[in-house]
Amino acid sequence: MSLPSASILGVGSYAPSRVLTNTDLEKMVDTTDEWILSRTGIRERRMAAEGEHTSDLALHAARAALNRAGVTPQELDLILVATCTPDMIFPSAACFLQAKLEAVHAGAVDMNAACCGFLYALSAGSQFVRAGSCKKVLVVGAEKLSTIVDWQDRNTCVLFGDAAGAVVLGAGDNPAEGVRSFFLGADGRHSEILRLPGGGSCHPASAETLEKRMHYLQMSGKEVFKLAVTAMQRAAQKALDQAGMTPADIACVIPHQANMRIVSALGDKLGLPEDKIFVNLDRYGNTSAASIPVALDEAVQMGRVKKGDNILMVAFGGGLTWAGSVITL
Ligand code: COA
């Protein structure tokens, strides 16, 4: 008897309504629209409202995905929330989301692989479904990065935004649909180039951590850039190999939306034409674990991808982590 497939039953996303443009940022730090656009491709990003927490962003995205899947929250066996900005260190954002959804039969846990979190969580969720231990799994990527960005640091604050995206996975009987492959990688030796050092067990909150601004994201942009392209290329190639596919089989690539120059370099390395690569970072910036599911939802809603299409998703992020996955809608 063959294993069930992990089918994509529904996709949804949510972005808060408040828009922060590059021109707005010109009034906050020493930067220009021209610099941000030419170095990153970002024009604007969304900011969650006061009192709108990560689990609230997740809730909107989850409801949209569940509605499209025709699945009720009570049918869910498991909720996985990929985030590095949970509402609190614990309880998990997944538990807050579970309560808000009233998903009373679901287990709930957060996964943190920074910007790769959604692909890690999707891979894990697909395994629960394929093994037969869960029938319906909700996988969410949700971030309120505005709370960990240092709004006085022009090197980082121009890059990030808030959003959430979600996918409902369910057991199917067609091996040629759903999550076809995944590849997960990490190299913790590079932990220092992208991190949030304060507030954990190394540096619990204190007057000193506050004074040193350790509760904000820190990044060596150039170092990350250099490693990102190679890591993404490798993850993409491994995910393709494991699915038994080549770039020619892929209808659309959904890369982590970090920086247009990284996305273009990846496209060149994979030999993929620009029109096969989905980009929405101009409107959202880098939303970390939310970036891929938000882009996937937009690609579906815009008709850029349709039933039966093969989609390659690929990410890199703090850790360092990298991940690739091929899905067939
Ligand atoms: N506005 C204006 N100038 C800025 C600026 C801003 N927002 N941010 C940095 N600068 C300045 C720097 O201070 C530096 O000035 P200096 O030469 O006087 O020191 C200059 O611009 C060049 O900085 P540099 O770091 O060399 O720019 P860059 O071409 O590497 O681009 C990033 C910076 C951050 C856009 C780029 O490194 C990047 O995208 N890295 C990857 C980041 C990423 O994707 N992180 C998320 C991973 S999931």
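Ligands are counted one by one from 1 in listed order, and the atoms in each one are counted from 1 as well.
- Using a 4.0 Å threshold on non-hydrogen atoms, atom 26 (O) of ligand 1 counts as touching the protein.
- Residue Gly221 has at least one heavy-atom neighbour below 4.0 Å for each of these atoms of ligand 1: 37 (O), 40 (N), 41 (C).
- Within 4.0 Å of atom 14 (C) of ligand 1, not a single protein heavy atom is present.
- Checking Glu177 against Thr328 by side-chain atom types alone, no donor-acceptor pair falls below 3.5 Å.
- At the shortest separation from atom 22 (C) of ligand 1 among protein heavy atoms lies Arg39 NH1, 3.7 Å.
- Protein heavy atom closest to atom 47 (C) of ligand 1, with residue, atom name and distance, is Phe316 CE1, 3.4 Å.
- Residue Thr40 approaches ligand 1 through these ligand atoms, each under 4.0 Å from one of its heavy atoms: 35 (C).
- Where the criterion is an N or O separation shorter than 3.5 Å, residue side chain and backbone included, Thr32 fails it with respect to ligand 1.
- The only member of Asn286, Asn22, Thr21, Asp162 that meets side chain to side chain donor-acceptor pair (under 3.5 Å) when paired with Arg45 is Asn22.
- Protein heavy atom in closest approach to atom 30 (O) of ligand 1: Lys222 NZ, 3.4 Å.
- Ligand 1 places these atoms under 4.0 Å from at least one heavy atom of Val158: 7 (N).
- The closest protein non-hydrogen atom to atom 33 (C) of ligand 1 is Trp35 CH2, 3.9 Å.
- Counting protein heavy atoms only, atom 48 (S) of ligand 1 is closest to Cys115 SG, 3.1 Å.
- Closer than 4.0 Å to atom 20 (C) of ligand 1 lies none of the heavy atoms of the protein.
- In this structure, atom 45 (N) of ligand 1 lies nearest to the protein heavy atom Met219 SD, 3.1 Å.
- No donor-acceptor contact under 3.5 angstrom links the side chains of Glu143 and Thr287, judged on distance only.
- Glu223 contributes no side-chain N or O that, together with a main-chain N or O of Gly221, makes up a donor-acceptor pair within less than 3.5 Å.
- Close approach to Leu194 involves these atoms of ligand 1, each under 4.0 Å from a residue heavy atom: 47 (C).
- The number of heavy-atom neighbours closer than 6.0 Å to CZ of Arg234, taken from other residues, nucleotides and ligands shown, is above 12.
- Judged purely by atom type and a 3.5 angstrom limit, Asp87 has no side-chain atom pairing as donor or acceptor with the backbone of Ala93.
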For this session: Show your working on side-chain contact (heavy atoms from CB on, under 4.5 Å) between Met260 and Ile42 and close with a plain yes or no.
Result: CA-CA 8 Å; Met260 197 53 217; Ile42 301 166; over 6 Å; no
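- Residue contacts with ligand 1, taken as heavy atom pairs separated by less than 4.0 Å, involve Thr31 via backbone and side-chain atoms alike.
- In terms of protein heavy-atom proximity, atom 18 (O) of ligand 1 is nearest to Arg154 NH2, 4.8 Å.
- For the pair Arg18 and Glu52, the salt-bridge criterion is not met [side-chain N within less than 4.0 Å of a carboxylate O].
- Summarising the geometry, atom OG1 belonging to Thr85 is positioned 9.5 Å from atom CG belonging to Asp110; distances are rounded to the nearest 0.5 Å.
- Among all non-hydrogen protein atoms, the one lying nearest atom 46 (C) of ligand 1 is Asn286 ND2, 3.4 Å.
- If you look at His256 and Phe316, their ring centroids are closer than 6.0 Å.
- Side chains of Glu26 and Thr23: no donor on one and acceptor on the other come within 3.5 Å.
- Within 6.0 Å of CG on Asp173 lie no more than 12 heavy atoms contributed by other residues, nucleotides or ligands.
- Close contacts between ligand 1 and Ala258 involve ligand atoms 44 (O) [criterion: under 4.0 Å to a heavy atom].
- When only interatomic distances are considered, the shortest N/O to N/O separation between His256 and ligand 1 does not fall below 3.5 Å.
- More than 12 heavy atoms of other residues, nucleotides or ligands sit less than 6.0 Å from atom NZ of Lys276.
- Residue-ligand proximity, Asn259 to ligand 1, at heavy-atom distances under 4.0 Å covers atoms 35 (C), 38 (C), 39 (O).
- Remark: ligand 1 and Arg261 share an N or O pair separated by less than 3.5 Å (distance only, no angle test).
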